[in-house]
Amino acid sequence: MKRRAVFLDRDGTINVDVGYPDRYDRIRIFPCAFEAVRKLNAAGLAVVVVTNQSGIGRGYLTEADLSDIHRRLESDFKAAGARLDGIYHCPHFKGSADPAWDADCDCRKPLPGLARRAAADLGLELEGSYMVGDKVEDIRFGLAFGGRPVLVLTGYGEASRDALRREGVVPAHVAPDLGAAADWILDREREDGPAGRR
Ligand SMILES: [Mg+2]
Ligand SMILES: [Zn+2]
């Protein structure tokens, strides 16, 4: 039986958005994030980070820098008893000086490439899965893979709420932060029952 997932944006959702951090010591994780992930783990949901990292294509950090950041992020969550089932990123930047990253890719949110890749790797049911993020592109991404997108008001969330209204894009829910988003998701799971038994 395939599991549903909660996809999480990184900057502005899990941690303070400082713009293209190139070292882990620049990452400040929101205190509510650990408990939120623990609760989602306990509910049997996969928790998968999906992050646009055009800073690689722009030459602000390398793939090695990003791997190091994500290894430490996973290990800090693990130390707090929380499991990240995967971290997927888009390194591309149209117009990059490095031809390796200069691409019209299908993995930059709001395009659903990262969700599809994670679903294939981890055996996820995308329909009815969740996406939590602070930007318009996160909400559009959640809709693009057939999921339930939740806007958090941390990071760029307040400005994104206004932009979503202007654009007529409606998230499934708006939550103050990742902790409240996780609680809303757990309520939906209790209503729906596990994937495959609806
Ligand atoms: Mg963000
Ligand atoms: Zn990409």
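These figures come from a predicted structure and were not determined experimentally. Whatever order the structure lists them in is the order used to number ligands and atoms, beginning at 1.
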### Message
If the cut-off is 2.8 Å, does any N/O/S atom of D138 fall short of it from the Mg ion (ligand 1)?
### Response
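Checking the Mg ion (ligand 1) against D138, no N, O or S atom falls under 2.8 Å.
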### Query
From D17, does some N, O or S atom reach closer than 2.8 Å to the Mg ion (ligand 1)?
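Of the N, O and S atoms in D17, none lies under 2.8 Å from the Mg ion (ligand 1), which means no.
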### Message
If you compare all heavy atoms of H92 against all heavy atoms of A100, which two are closest, and at what distance to 0.1 Å?
### Response
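Closest approach of H92 to A100, heavy atoms only: CD2-O, 4.2 Å.
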### Task
For residues D138 and K109, report the shortest heavy-atom separation together with the two atoms involved.
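Scanning both residues completely, I find the closest heavy atoms to be OD1-NZ, 2.9 Å.
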Can any side-chain N or O of [X] pair as donor or acceptor with the backbone N or O of [Y] at less than 3.5 Å?
X: R4; Y: L45; answer: no
X: D102; Y: G95; answer: yes
X: R10; Y: I87; answer: no

Give the atom name of whichever N/O/S atom in [X] sits closest to the Mg ion (ligand 1).
X: D11; answer: O
X: D134; answer: OD1
X: D9; answer: OD2

### Query
What N, O or S atom of H92 is found closest to the Zn ion (ligand 2)?
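So the atom name we want here is ND1.
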### Query
Which value, rounded to 10°, describes the SG(C107)-the Zn ion (ligand 2)-SG(C105) angle?
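Answer comes to 120°, rounded to 10°.
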### Query
Under a single-linkage definition using a 4.5 Å side-chain heavy-atom cutoff for Ile, Leu, Val, Met, Phe, Trp and Tyr, are Y88 and V6 assigned to the same hydrophobic cluster?
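No; tracing contacts between hydrophobic side chains, which count when under 4.5 Å, never links both residues.
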